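Just below is one structure, and these are the notes that go with it.
Residue numbers start from 1 in every chain, and the chains themselves are labelled A, B, ... in the order their sequence lines are given, proteins ahead of strands. Side chains are part of it too, since the values below use all heavy atoms of this structure and drop only hydrogens, waters and symmetry mates. What you are looking at is a predicted structure, and each value in this text was computed from that prediction instead of being measured.
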Amino acid sequence: MSDFTPKSDFLRILQERGFIHQCSDFAGLDALAAKGDVVAYVGYDCTAPSLHIGNFLSMMMLYWLQQSGNKPITLMGGGTTRIGDPSGKDETRALRTIAEIDANKEAIKGVFAKVLKFGTGKTDAVMIDNAEWLPELHWIDMLRDVGRHFSVNRMLSMDSVKLRLEREQEMSFIEFNYMIAQSYDFVELSKRLGCNLQMGGSDQWGNIIMGVDLGRRMGTHQLYALTTPLLTTASGAKMGKTAQGAVWLNADAFSPYDFWQYWRSTEDADVGKFLRLFTILPMDEIARLEKLGGAEINEAKKVLATEATALLHGREAALAALETARITFEAGGTAADLPTVEIAVSELEAGLGVLSAFVKAGLVASNGEARRQVQAGGLRVNDRPVTNPQVALSPADAINAGAIKLSFGKKKHVLLRPV
RNA sequence: GGGGGAAUGUCCCGAGCGGCAAAGGGGGCGGACUGUAAAUCCGCUGGCUAAGCCUUCGUAGGUUCGAGUCCUACUUCCCCCA
């Protein structure tokens, strides 16, 4: 793949930005892309009420696809999520209820419009849901029309299955069928929308290539597969995990400020990679930023944070996060729009213990943890370390923008605002 | 259907002669050093109205002054035989 020189803008951009892990046929796909004839889809599971940062990567591929004159499809997995994808998982997840899946689907839908332009034009993005066809299929017809093209021998050798078998972990029949459903989707989309490419993470390679194969056997036009590398940080950790959990894309699950902070904390060694994947800055600009050494690389991290946040949450929110961070970390002040928790004045007047104040602010989980953090020197009130767990806060402490500034560690700050 | 084994601190793995809030890792969090990075070092990693009290070892009973540890039944998982 690295020795292949694409002629199409689409593959050239993906390649130079580091999106490509595997492709079923570079030359064939390149020829289609050069003509603007690629119709590509990415499927999104409805397992949670928000997509996460891993999905952001595939959204960026769809973005470049559209920018280079091709057509993106976002497939909501309203049907496949009812089965549950075993890929990359070493045990069965609990089955989700249909109501839960539908609710997740509604919550997820909105995010794509941030990056893609939807509509009816040739290169406009289209959203479709496999719940439109999968639940309607008939068992026997399905077996005759589709099932006969699948070799169980081959299915057993797929990584997603093999892994379970080797580890002697249970795999139920419903999960075993996931790849059939996903393969069928690819064929269905090729018929309905002329889709000819499916993209996804590297763990989807097996599922995607099964679809390519099924298409050939069922006589569709040629289908292609393209996957992205598994995202890890330079020190080897899986990307997208924080103390609070996953890095969600929906603002109500993970605020633009937190999102900005996530990128700001990137390891030095990852800055260039992430700039290429998660911003749309020109390559020469990225090359310049990447060269910054020592403390200067912090400038590059700010650009990364702001550009990535602007892409997802809009420039205004990104600049606000940048400014909040500047005041908080560089000017040593108190930004008025730090995360804020309201508290009744009466409670403050009665004397609120520091420990419970930190619990109320959501910075620590329990008084016990707060107590331990006081020991460790991790808590601060109005930027002054808490040394005595007994002290109480009063309205007189509301000296920062009319609120009490509580800090946990170096990075987490909350304003406790009396109301 | 028969025989054998396993379930531990709700993030994971994992020790645990009847005295156990329970060894040790990993992960995570905090501190120091730095640059809101990495690496390194140190501390913490059940709850509370906190020198005390309460709740934890698959579930429910039992033996015992005392049970994660012993007994019984049940649940789930794994292995072997049919």
Residues 344-362 of chain A side chain polar contacts: donor-acceptor under 3.5 Å, at least two apart:
from: Glu347(A); atom 1: OE2; to: Lys360(A); atom 2: NZ; distance (Å): 3.0
from: Ser356(A); atom 1: OG; to: Gly353(A); atom 2: O; distance (Å): 3.3

Sequence neighbours left out, cut at 3.5 Å: what donor-acceptor pairs do the side chains of residues 59-69 of chain A make with other protein atoms?
from: Gln66(A); atom 1: OE1; to: Lys117(A); atom 2: N; distance (Å): 2.9
from: Gln66(A); atom 1: NE2; to: Lys117(A); atom 2: O; distance (Å): 2.9
from: Gln66(A); atom 1: NE2; to: Thr123(A); atom 2: O; distance (Å): 2.8
from: Ser68(A); atom 1: OG; to: Trp64(A); atom 2: O; distance (Å): 2.8
from: Ser68(A); atom 1: OG; to: Leu65(A); atom 2: O; distance (Å): 3.0
from: Ser68(A); atom 1: OG; to: Asn70(A); atom 2: ND2; distance (Å): 3.4

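For the P atoms, the distance from rG52(B) to rC57(B) is 23 Å, rounded to whole Å. Rounded to the nearest Å, the gap between the C1' atom of rC11(B) and that of rU45(B) is 11 Å. On the C1' atoms, rU10(B) is 36 Å away from rC81(B), given to the nearest whole Å. If you take atom C1' in rA22(B) and the same atom in rA67(B), they sit 13 Å apart, rounded to whole Å. Remark: the separation of the P atoms in rC71(B) and rG18(B) is 11 Å, to the nearest Å. Nucleotides rC54(B) and rG66(B), compared at atom P, are 16 Å apart to the nearest Å. Of the C1' atoms belonging to rC53(B) and rU34(B), the separation is 44 Å, rounded to the nearest Å. For the C1' atom pair drawn from rA82(B) and rC65(B), the interatomic distance equals 49 Å after rounding to whole Å.
As rounded to whole Å, 12 Å separates atom P of rG35(B) from atom CZ of Arg264(A). Rounded to whole Å, the distance from CG on Asn298(A) to P on rU36(B) is 6 Å. Across the protein-nucleic acid pair, Phe408(A) atom CZ and rC44(B) atom C1' stand 10 Å apart, rounded to whole Å. Rounded to a whole Å, the CD atom of Glu299(A) is 14 Å from the P atom of rG35(B). When the P atom of rU36(B) is taken as reference, atom CG of Asp383(A) falls 15 Å away, rounded to whole Å. Leu352(A) places its CG atom 15 Å from the C1' atom of rU49(B), with the value rounded to the nearest Å. Between the C1' atom of rA38(B) and the CG atom of Leu292(A) lies a distance of 17 Å, rounded to the nearest Å. For Lys410(A) and rG35(B), the NZ to C1' distance is 12 Å, given to the nearest whole Å.
If you check rG1(B) for Watson-Crick or wobble pairing at under 3.5 angstrom, you find it paired to rC81(B). The partner of rC70(B), taking Watson-Crick or G-U wobble pairs whose two distances both stay under 3.5 Å, is rG62(B). With a cut-off of 3.5 Å on both pairing distances, the Watson-Crick or G-U wobble partner of rC44(B) is rG28(B). The base-pairing partner of rU49(B), taking Watson-Crick or G-U wobble contacts with both distances under 3.5 Å, does not exist among the strands shown. The partner of rA6(B) is rU76(B), by the rule that a Watson-Crick or G-U pair needs both atom distances under 3.5 Å.
The side chain of Lys412(A) contributes an N or O atom lying less than 4.0 Å from OP1 or OP2 of rG30(B). For the pair Ser366(A) and rC48(B), the criterion of a side-chain N or O lying under 4.0 Å from OP1 or OP2 is met. The phosphate of rG47(B) has OP1 or OP2 within less than 4.0 Å of a side-chain N or O from Arg372(A).
If you check every strand for non-hydrogen atoms under 4.0 Å, Thr328(A) touches nothing. Among the atoms of the strands shown, base atoms are found under 4.0 Å from some heavy atom of Gly368(A). Nucleic acid contact for Leu379(A): none, since no nucleic acid atom lies under 4.0 Å from a heavy atom of the residue.
Side-chain atoms of Gln373(A) lie closest to rC29(B) of the nucleotides rC29(B), rU36(B), rG35(B). The side chain of Lys411(A) has rA37(B) as its nearest neighbour among rA37(B), rG46(B), rC29(B).
Formation of a donor-acceptor pair under 3.5 Å by the Ser157(A) side chain with backbone atoms of Arg154(A) is found in this model. Put simply, the side chain of Asn130(A) gets close to the backbone of Thr80(A): a donor and an acceptor are under 3.5 Å apart.
Ion pair Asp268(A)/Lys301(A) flagged as a salt bridge, since at least one NZ, NE, NH1 or NH2 atom sits closer than 4.0 Å to an Asp/Glu carboxylate oxygen. Salt-bridge check for Arg288(A) with Asp284(A): failed, with every basic side-chain N at 4.0 Å or more from each acidic carboxylate O.
The residue among Phe329(A) and Leu355(A) whose nearest nucleotide of RNA chain B lies closer to the 5′ end is Phe329(A). Mapping Gly378(A) and Ser265(A) onto RNA chain B via the closest heavy atom, the residue that lands nearer the 5' end is Gly378(A).
Side-chain polar atoms of Ser265(A) and Lys411(A) form a donor-acceptor pair below 3.5 angstrom. If you check the side chains of Trp263(A) and Thr309(A), you find no donor sitting under 3.5 Å from an acceptor.
Between the side chain of Asn367(A) and the base of rG47(B) there is no donor-acceptor pair of N/O atoms closer than 3.5 Å. In this model, a side-chain donor or acceptor of Gln261(A) finds a partner on the base of rU36(B) within 3.5 Å.
Using a 90° window around 0 for the glycosidic torsion, rC20(B) falls inside it and is classed as syn.
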